[in-house]
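Just so we're on the same page: letters track the sequence lines, and every chain starts at 1. Nothing here was measured: the structure is a model prediction, and the numbers come from that model.
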Amino acid sequence: MDQLKQIHAQTITIGLARFTYITSKLLAFSAMSDIDYAHTILNQTNTPTIFDYNSLILGYSKTSKQEMGILLYTQMRNNRIEPNARTFPVLIKTCDCISSLLQVHGHVVKLGNVFDVYVTSSLIYMYSNLKAVELAIQVFEESSYKNVVCCTSLITGCFNNGLVDEACKVFDEMPERNDVSYSAMISGLVRNELFNKAFELFLHLKQSGLVKPNRPLLLTILTACGKIGALDKGKNIHHQLLEESFTFDLEIDTALLDFYAKCGDIEKAEDIFIKMRYKDVATWSSMIMGLATNGRNESAIKLFEEMTHKGPVPTDITFIAVLVACNHKSLVTQAWCLIGKMFKVFGIQPGIEHYGCMVDIFARSGQLKGAEILINLMPMEPDEAIWGSFLHGCLTHSEICLGERAGKRLIELDPSHSGRYVGLANMYADIGRWENVIRLRNMMVERKVDNTPSWSFIEVDGVVHKFFVHDQFHPRVNDLCEILQILNKLSMNQ
DNA sequence: ATAGGGTTAG
């Protein structure tokens, strides 16, 4: 950037600045790294062109000052500079609410001659980004020319708004696919927890050799392996990353660290952490969470303290990680202090996960009253996890009345929610009040509550095995039950 | 002569 400033100074000294394309080139270049400097160049230009505005709006679209896009567009039009087709893809990217996007979309339609496939794909991307996926679909359907980018935009948009079937349909029907569209498809499946489908498609891609898996795709697959604990599969990706000689950078190293930690190889994760030259807040958070979920709670808390002294500024996610460690050690006061510190020192508003951790800590340690007060005080609607912690705490500390009251109130609040019946029923079952369990089950049938059961899974030799509660479908269910009994006995004797 | 869209780690 300093060099760029020198060049800029020189163009002014030797009089080159009057050649507008030289100044424009400087502006475009600096808009990528120093937006304020780029804006100064625009302000110093006597007759800014459409090139200058387009470059500057693009620059702002990549910063947090999104609102500058519309502002510059207005200023540009006041200066009687007409926008062209290249103005809109970048302007659309700076729209931070649906009303400004609708307004910009209106301008595109009104001008007519600026509507092209770049504008279409940007509109699809931005409408779905702002949670208006129906409008994205509408733009897509009304467009006469749909290229691979438009289709990919819509696939991502559908996936991010829960429209899984629609995303698959667009992918199946698109005439041409490249590495980015495969990447979008597979990462969308992973985000929607359709891991088997994602791995199937990845395998198909590798075997067919249609397109080469790119860096984002390999990172997505690695993350998916971590989420389902697929150690061997993930190790393969690790090797592939080495073979592809992608430069091992912050993102890849952090993804690897997180993957090994999630698969239980905490030593390997620590090894990567220690060897990393550049670590950012995601790296630290990942390591703290890895230690906490692997039972190394003291180390997690120690690492967090080290981070506050000489590491990057923690985020909301870092605090979740250290709260998990506190939870495992029943450090009620310390957890409470951390949440206070998070808000007062770091200005981070507690989210539902932070409240969730705290309720769980209270409930586990038997402070059910504290947990109840917190649930009533929290500014958002408590979710399943929070009520689950509370009910479980009521049960383990024999606070049956409190649990019963909470469970009943929950069902009244949302009679169509199966989890609320199941939570209370599980509590009755554990204390042997079977008549109440049966009553709740009947109530669910009468009220036609959708009761899709929960499930868990494990990957063995590349196959994901899925289990429901009391599921007897697995071919080796007897062996599995026998092993479970042995494990239960072992943990009882400890 | 200069300016545009889709996939990516906690």
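Both tests do not hold together for A:Lys65 against A:Tyr60: distance to the six-membered ring centre under 6.0 Å, angle to the ring axis within 45°. By the 6.0 Å and 45° rule, A:Arg86 does not stack over the aromatic ring of A:Tyr118. Under a cutoff of 6.0 Å and an axis angle of 45°, A:Lys93 and A:Tyr125 do not form a cation-pi pair. Remark: A:Lys146 qualifies as a cation-pi partner of A:Phe140 under the 6.0 Å distance and 45° angle criteria applied to the six-membered ring. Both the sub-6.0 Å distance and the 45° axial angle are not jointly satisfied by A:Lys341 relative to the ring of A:Phe346.
Minimum atom distance to the side chain of A:Leu58 is reached by B:dG5, of the listed B:dT7, B:dG10, B:dG5. Counting only heavy atoms from C-beta on, A:Arg215 has its side chain closest to B:dT8 among B:dG4, B:dT2, B:dT8.
For DNA chain B, the residues of residues 285-316 of chain A within the heavy-atom distance limit of 4.0 Å (strictly under) are A:Ser285, A:Ser286, A:Thr315, sorted by number. For the contact set between residues 155-173 of chain A and DNA chain B, defined by any heavy atom under 4.0 Å, the members are A:Thr156. Proximity of residues 89-99 of chain A to DNA chain B (heavy atom under 4.0 angstrom from any strand atom) is restricted to A:Pro89, A:Val90, A:Lys93.
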Before giving the answer on side chain to side chain donor-acceptor pair (under 3.5 Å), spell out for A:Asn129 and A:Asn160 the whole-Å C-alpha distance, their side-chain angles and the decisive distance to 0.1 Å.
-> CA-CA 8 Å; A:Asn129 219 359; A:Asn160 288 348; 5.6 Å; no
Would A:Ile301 and A:Glu305 count as a side chain to side chain contact (heavy atoms under 4.5 Å, CB included) if you check the C-alpha gap in whole Å, the side-chain angles of each, and the deciding distance to 0.1 Å?
-> CA-CA 6 Å; A:Ile301 294 165; A:Glu305 274 157 14; 3.9 Å; yes
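When heavy atoms are screened at a 4.0 angstrom cut-off, A:Ala321 is found touching no nucleic acid atom at all. As judged by a 4.0 angstrom heavy-atom cut-off over every strand, A:Asp253 is placed among residues making no nucleic acid contact. Residue-level contact check: A:Tyr125 touches the backbone only, with heavy atoms under 4.0 Å from sugar-phosphate atoms and none from bases. Nucleic acid contact class of A:Asn214 (heavy atoms, under 4.0 Å, all strands): base. Counting any heavy atom pair closer than 4.0 Å across all strands shown, A:Thr120 reaches no nucleic acid atom.
Using modelled atom types, no side-chain atom of A:Asp360 and backbone atom of A:Gly356 make a donor-acceptor pair closer than 3.5 Å.
Between A:His105 and A:Tyr127, some side-chain heavy-atom pair lies under the 4.5 Å cut-off.
Taking side-chain N and O atoms only, A:Arg191 has a distance below 4.0 Å to OP1 or OP2 of B:dT8. Contact check, A:Ser187 against B:dT7: no side-chain N or O comes under 4.0 Å of OP1 or OP2.
No more than 12 heavy-atom neighbours from other residues, nucleotides or ligands sit within 6.0 angstrom of CZ on A:Phe29.
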